[in-house]
Amino acid sequence: MLKYGLIGDPIDHSKSPQMQTAALKAAGINGEYRLLNQSGEALATIVARLRAENVAGFNVTTPFKQAIIPYLDGIDVVAETIAAVNTVVNVDGRWIGYSTDGPGFWQSLPTTTRKQKVALIGAGGAAKSLISACPANVELTVYNRESVNFNVYATQLKAIADLELQPLSQLTTDIANFDIVINATSVGLHDNVSVLAEAMLALLPTTALVVDLVYKHEQTAFLAAAVATGHATLGGLPMLVMQGALSFTLWHQQPANIEKMQQSLV
Ligand code: ATR
């Protein structure tokens with residue numbers, strides 16, 4: 001039986017095992033997908049075990065997305081650009097790293113070929129995976145609070161996508177111009193706070209879509225504010241499914257049954 005799974009810390013609440021198991025079953029593949037480490041284990045120990053078990057592939061989540069890179073035998077250009085890997089494929093004993101987070105995100109949005117003006121809030125790991133995979137019809141403006149990280153992010157964005165990072169305070173002036181606003185910060189993950197005040201979202205055209213990368217069972221404060229201002233919203237779940245579906249395709253060279261993956265989450 002082919003072995004797949006997930007490494008990260010914490011991973012106990014991950015939805016990946018149920019999603020990937022549903023996709024394996026739908027495709028009739030003789031494989032299993034499970035959590036591959038305990039909390040507190042060192043990455044070197046985990047890697048040695050996965051090598052010994054000859055796992056066929058695995059997903060990588062926080063805090064190992066960058067730390068896994070020195071253990072790989074090859075890396076895809078998108079993953080190398082953002083220095084983050086969320087999918088590893090074992091090709092005849094060689095571990096190759098990819099990032100499906102960014103492509104998964106853009107594929108989870110309603111499709112349009114029309115030019116889209118998109119405001120992205122945040123410039124950390126999640127934001128950079130989106131930036132590196134940005135489709136041609138998207139005109140992206142990235143905002144971050146003026147923290148100690150601002151200048152580092154600004155340099156990274158210039159190098160990754162030739163973008164000028166904007167201070168978050170500037171969004172008040174700009175917000176009326178956007179078709180989509182995305183929260184790619186960690187605000188709302190461990191608290192019930194919205195990165196933008198409702199009064200700010202009220203300045204966004206009512207036709208605009210408001211997206212939160214934070215995935216929670218209950219609605220995030222950011223999306224609750226967007227609903228209150230009459231905007232259409234999209235949570236982090238579709239992205240979770242799409243990045244998983246793209247990992248599945250990298251491992252099995254066939255499309256995943258997205259409907260079955262979605263159904264496994266309800
Ligand atoms: P992830 O991998 O989930 O993206 P990260 O790389 O730590 O996590 O990035 C978190 C993002 O949320 C950053 O853009 C961060 O901005 P700073 O680095 O300037 O803190 C942003 N963020 C975190 N807390 C925030 C807050 N209270 N208000 C606005 N942005 C915040």
Side-chain angles (χ1 to χ4, degrees), residues 13 15 62 101-135 137-147 149-150 153 157 163 165-245 258 261-262 265-266:
H13 292 97
K15 308 257 178 221
T62 314
D101 286 333
F105 170 77
W106 294 110
Q107 287 186 27
S108 73
L109 287 187
T111 43
T112 174
T113 49
R114 190 169 70 77
K115 192 113 198 129
Q116 298 271 285
K117 290 188 167 205
V118 176
L120 181 65
I121 309 169
K128 282 196 277 280
S129 63
L130 265 56
I131 294 164
S132 68
C134 185
N137 66 316
V138 167
E139 191 184 300
L140 202 57
T141 312
V142 186
Y143 298 85
N144 202 86
R145 64 175 173 174
E146 288 176 274
S147 70
N149 297 329
F150 189 92
Y153 292 150
L157 262 56
L163 286 172
L165 182 63
Q166 304 295 322
L168 187 53
S169 52
Q170 176 66 29
L171 187 56
T172 317
T173 317
D174 299 351
I175 197 161
N177 298 320
F178 290 109
D179 301 301
I180 301 178
V181 174
I182 303 165
N183 173 38
T185 73
S186 47
V187 182
L189 189 59
H190 304 295
D191 49 40
N192 198 30
V193 176
S194 170
V195 73
L196 296 186
E198 202 177 303
M200 178 91 134
L201 283 167
L203 304 173
L204 185 67
T206 47
T207 49
L209 176 68
V210 177
V211 184
D212 200 342
L213 291 199
V214 170
Y215 170 67
K216 274 187 178 177
H217 195 60
E218 69 275 23
Q219 191 176 52
T220 61
F222 181 59
L223 293 189
V227 168
T229 51
H231 293 96
T233 60
L234 188 73
L237 196 62
M239 174 189 175
L240 186 74
V241 173
M242 282 313 300
Q243 61 81 26
I258 288 166
M261 290 177 93
Q262 282 166 339
L265 300 175
V266 291

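Values in this document were obtained by computation on a predicted structure and should not be read as measured data. Index from 1, following the sequence.
Partners of Glu146 according to the side chain to side chain contact (heavy atoms under 4.5 Å, CB included) rule, which considers only residues two or more places apart in sequence or in another chain, are Phe150, Pro167, Ser169. With sequence neighbours excluded, no residue satisfies side chain to side chain donor-acceptor pair (under 3.5 Å) with Gln219. Applying the salt bridge (charged side-chain N to carboxylate O under 4.0 Å, His left out) criterion to Asp101, with sequence neighbours excluded, gives Lys65.
Of the candidates Asp212, Thr220, Leu213, Asp212 is the only one forming a side chain to side chain contact (heavy atoms under 4.5 Å, CB included) with Asn183. The only option from Asp179, Leu109, Thr141, Leu140 that meets the side chain to side chain contact (heavy atoms under 4.5 Å, CB included) definition with Val118 turns out to be Leu140.
At least one side-chain heavy atom of Asp174 sits less than 4.5 Å from a side-chain heavy atom of Tyr143. Taking 4.5 Å as the limit, every side-chain heavy atom of Asn144 sits out of range of all side-chain heavy atoms of Val142.
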Could you go through Val181 and Phe222, starting from their C-alpha distance and side-chain angles, then the distance that decides it, and tell me whether this counts as side chain to side chain contact (heavy atoms under 4.5 Å, CB included)? CA-CA 11 Å; Val181 174; Phe222 181 59; 4.2 Å; yes
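Side-chain atoms of Thr111 never come within 3.5 Å of backbone atoms of Gln107 as a donor-acceptor pair (strictly under, hydrogens ignored). For Asn137 (side chain) and Arg114 (main-chain N/O), a donor-acceptor pair under 3.5 Å exists by modelled atom type.
For the atom pair NE2 of His217 and NZ of Lys15, the computed distance is 7.0 Å after rounding to the nearest 0.5 Å. Rounded to the nearest 0.5 Å, atoms CE (Met261) and CE (Met242) are 9.0 Å apart.
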Using residues 195-211 as the side-chain source, report each donor-acceptor pair under 3.5 Å to any protein atom, sequence neighbours left out, with the distance given to one decimal.
none

Distance-only check: which donor-acceptor pairs under 3.5 Å involve side-chain atoms of residues 120-133, not counting sequence neighbours?
{"unit_1": "Lys128", "atom_1": "NZ", "unit_2": "Ala123", "atom_2": "O", "d": "2.9"}
{"unit_1": "Lys128", "atom_1": "NZ", "unit_2": "Gln156", "atom_2": "OE1", "d": "2.7"}
{"unit_1": "Ser129", "atom_1": "OG", "unit_2": "Ala126", "atom_2": "O", "d": "2.7"}
{"unit_1": "Ser132", "atom_1": "OG", "unit_2": "Lys128", "atom_2": "O", "d": "3.4"}
{"unit_1": "Ser132", "atom_1": "OG", "unit_2": "Ser129", "atom_2": "O", "d": "3.0"}

Return a table of donor-acceptor pairs under 3.5 angstrom between the side chains of residues 186-193 and protein atoms on other chains or two or more places apart.
{"unit_1": "Asp191", "atom_1": "OD1", "unit_2": "Gly188", "atom_2": "N", "d": "2.8"}
{"unit_1": "Asp191", "atom_1": "OD1", "unit_2": "Val193", "atom_2": "N", "d": "3.3"}

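Closest approach of Val214 and Thr185 over heavy atoms only: CG2-O, 3.9 Å. Between Leu223 and Gly235, the shortest heavy-atom contact is CD1-CA, 3.7 Å.
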